[in-house]
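One structure is given here, and the rest of the page talks about it.
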Amino acid sequence: MAFDSGAAYDSASVGDSFASPLAGQSTVEQVKSDIRMLAAEMAQLASARLEPGEFWEAFLPRLCTAVAASGAAAWSTDLDGSCSLVAQLELPSVLYNGVSPSEAHAAILRAVAAEGRPVLVPPRCSTDTSGTRLQNPLSQTLLVAPYRVDDRIDGVLEVVMPHTGGPTAQKGYLRFMAQMSEIVADFLRRHRLRQWECRVEEFAHTENLLLELAQAADFDRACRRAIDGFCLLTAADNAAVLRLGSRRPLLAVRGTPTPDPRSELALQLRNLLRRWKRMNRFPEPGKVVLLPTRERRVGPVEQGRTSANAVGAESAVASQASTLRQLDESLLTEAVEAVATSLHCRGLLFYRTKTEDDIAFLLGYKLLDDAQEMVAQHADERSPAENRPWSIAESIARLLVAQQQYHQRSVGGIRLWRRPEGLGATSSSRVRALVGVALLAAIAAFPIPDQLTAIGTMRAAAKVPYYAPRAATVQQVVVRSGDEVQPGTLLLQLQSRELDRQIAAVQGQIEVQTRRLQTARAWHRRASELSDAEVDQLEGEIYQLEGDVAALQQQLQLLLEQRDELEIRAIAPGQVLTWRMVERLTNRPVGSGELLLETFAPDQGWHVEFTIADRQAGRIRQALAQHGEGLACQIVLNSQPDRIREGRLVNVAAEAIHLQSDAPDFQAVVPAVAQITDDALPVQEEGAVARVVVECGHQPLVWLVCRDAFWAVSSWIRMLW
């Protein structure tokens, strides 16, 4: 929020209020300059990326300095009228108790919030606001102003200051406090917007994580992706996926493509789970447990030893039971220490999910304090946001179970050919074998469609983007998504207070210079009363003033043209493509060059952008070269899965790009574009997900089955050469 030109007049009134009547003109101007500088600094705080605590820590001292106040505070208001303290600086203790205001002070805050405008409460007296009798217990003046963030009063800003100045100064104080409350409201709006953006990014990241996990090509890759995503969600330094009750519990560990069941870590984990199960200490499903390392061995073991020594003479049975418990604790701690050493961590968290296959996550932290903090967050039932990683862990575990079951079904148990009994013993068996071989050969040589499937997103073929010409605020959104527009149609109305201030300043200068020019011309008409030297000087002044007025008018014309550019109008016929513009743009500040909305030409159609693996791009290009008009393809939108639409593959990039270059399973892909030939689309929204099936001709069945293996072996041989 820019500090508007009215702040100069308000700060002048505030400066006059506490400047001595005997002070010189230079002292008053210095005070006014200091107040303007403080107001500008407070306005800059609203656009800074600060947390609320940091903002109030920097804002309240400047506010007290600007109005010569002895204390200041910010209060938040609820729908029921209750108030709570947000921040304070040297606020008198008689006004609040902890985070709640006193009874008399609460009445003042509620009345100001209900009134919706700044109020000045004199010292040791009462005042009426909305029919309520308010009492100020202080010997100083209370200056209270509400601030509105959205559609309601969200809080109240107040200062405690000496009772000085007359009615004019008090009006200046009220205007100044109203502007300061606008600065506070602007900061809170920006802060909430940043919070929502962070939350949207978190949800998008979680969605991508679960989508990649569900689309993993094999179970090992799904486990590795689950570990990477879960480490990111819980800030863990290392992690492993376990299946309890299995002879090989280690499914995956971070940094290892395929874990070896005979590795040292796998044996240590098996030993740890066996000892833990023997002690009947397994946690319940959905619980997080901090495993006992040597750094956490306190109290119970040492006290048990002392007690056993003390009563050893009285009860040998109790001593033996205590010794066994100590031994089990010691062995469990040693097993945990061995696992922690292998994972290069000092804190281990064990999380048992609620899945039927008993999937568990073992999280490692280099600092023990980080592990204890995650346990505390999981135990905090009052904050659902803190438990979000653990709820996502349940979804990850269910997807892992589904992936394992799917891949087991896809490769297990089906025998395609069985050797006949007594093969070769009789001629009839030989004939049956030859017939079976011939049948298999015919099936293997039978040509079937060679198809390639990919997931892509819909894009408009012809789009026109509209950008912000300068930093401004969106005042009005005229059109909605799907509206038809023509050249010259008003789309958005922007407002720039800085530009309005410059126009007003130039207009004021033109008015002053014009009056001076008129005065000079009037004196020139009375040249008979002046000397020749005075006439020459007057003519030179008239010439200078005429040039100044012309330059100012030209500057005003340029500023007016810039203001006209704030009316964003359509430059081509089309249809509005951007969704939810009113919610996203209304009353929102935008920067110069920021994308505001897009339109598209409906008659130009839509296409789907997708990527194909680099190893499959060769056969796509070969098939595309044989069909000059493009390859036929089928397109299925996720929003309408029962409808198949026709399309044509029209473009394949010449070079590949690399995705996820820092991941162990990165791959090179080639972008491609398929044009949708069906005009009857259910949705016309960019980003809609669609599945594309490209027809690459017909190939024998045996070639399609063995092609990937042949390419892999041939690539390996070429690398050896």
Side-chain angles (χ1 to χ4, degrees), residues 208 211-212 215-217 221 447-463 465 577 598 600-641 643-661 663 665-679 681 683-701 703-716 718-719:
N208 293 334
L211 183 61
E212 292 176 5
Q215 295 178 349
R221 183 173 298 181
I448 62 174
D450 183 10
Q451 297 179 340
L452 185 144
T453 303
I455 302 297
T457 53
M458 285 181 54
R459 303 291 180 191
K463 296 188 295 184
L577 180 62
E598 292 179 324
F600 73 101
D603 56 347
Q604 297 296 324
W606 291 76
H607 60 258
V608 179
E609 297 179 357
F610 60 97
T611 59
I612 55 179
D614 188 25
R615 58 184 177 83
Q616 297 177 338
R619 61 189 177 110
I620 291 291
R621 293 192 180 97
Q622 182 179 1
L624 189 61
Q626 297 176 358
H627 301 76
E629 298 180 356
L631 293 178
C633 58
Q634 298 177 352
I635 300 173
V636 179
L637 299 176
N638 283 6
S639 59
Q640 199 175 14
R643 173 74 181 275
I644 299 177
R645 305 182 183 278
E646 300 298 328
R648 302 196 72 83
L649 181 68
V650 296
N651 186 21
V652 177
E655 296 182 358
I657 59 176
H658 293 276
L659 300 178
Q660 299 180 353
S661 58
D665 54 348
F666 75 95
Q667 60 177 345
V669 297
V670 177
V673 177
Q675 183 178 1
I676 303 177
T677 57
D678 191 350
D679 296 333
L681 294 176
V683 294
Q684 293 187 349
E685 176 185 0
E686 278 213 332
V689 181
R691 181 168 56 90
V692 182
V693 180
V694 183
E695 301 287 348
C696 302
H698 291 74
Q699 298 291 342
L701 175 62
W703 170 244
L704 294 181
V705 173
C706 303
R707 178 175 55 192
D708 292 340
F710 173 76
W711 284 347
V713 173
S714 61
S715 299
W716 178 72
R718 285 194 297 270
M719 289 176 62

Report task. Could you tell me which residues satisfy side chain to side chain contact (heavy atoms under 4.5 Å, CB included) with Val636, sequence neighbours excluded, listed by chain and number? Result -> Ile644, Arg691
Query raised in the report: How far does CD of Gln634 sit from CD of Glu646, to the nearest 0.5 angstrom?
Result: 6.0 Å
Query - Where Thr611 and Pro671 come nearest, the two heavy atoms and their spacing - result: CG2-CA, 4.2 Å
Query raised in the report: Between Phe600 and Ala460, what is the shortest heavy-atom contact and its length?
Result: CB-CB, 3.8 Å
**Report entry** Met458 side, atom CE; Leu637 side, atom CG - distance, nearest 0.5 Å
**Finding:** 6.0 Å
Query raised in the report: Can you find a pair of side-chain heavy atoms, one from Leu649 and one from Phe610, that are under 4.5 Å apart?
Result: yes
Query raised in the report: How close do Glu598 and Pro465 get, heavy atom to heavy atom, and via which atoms?
Result: CG-CA, 4.0 Å
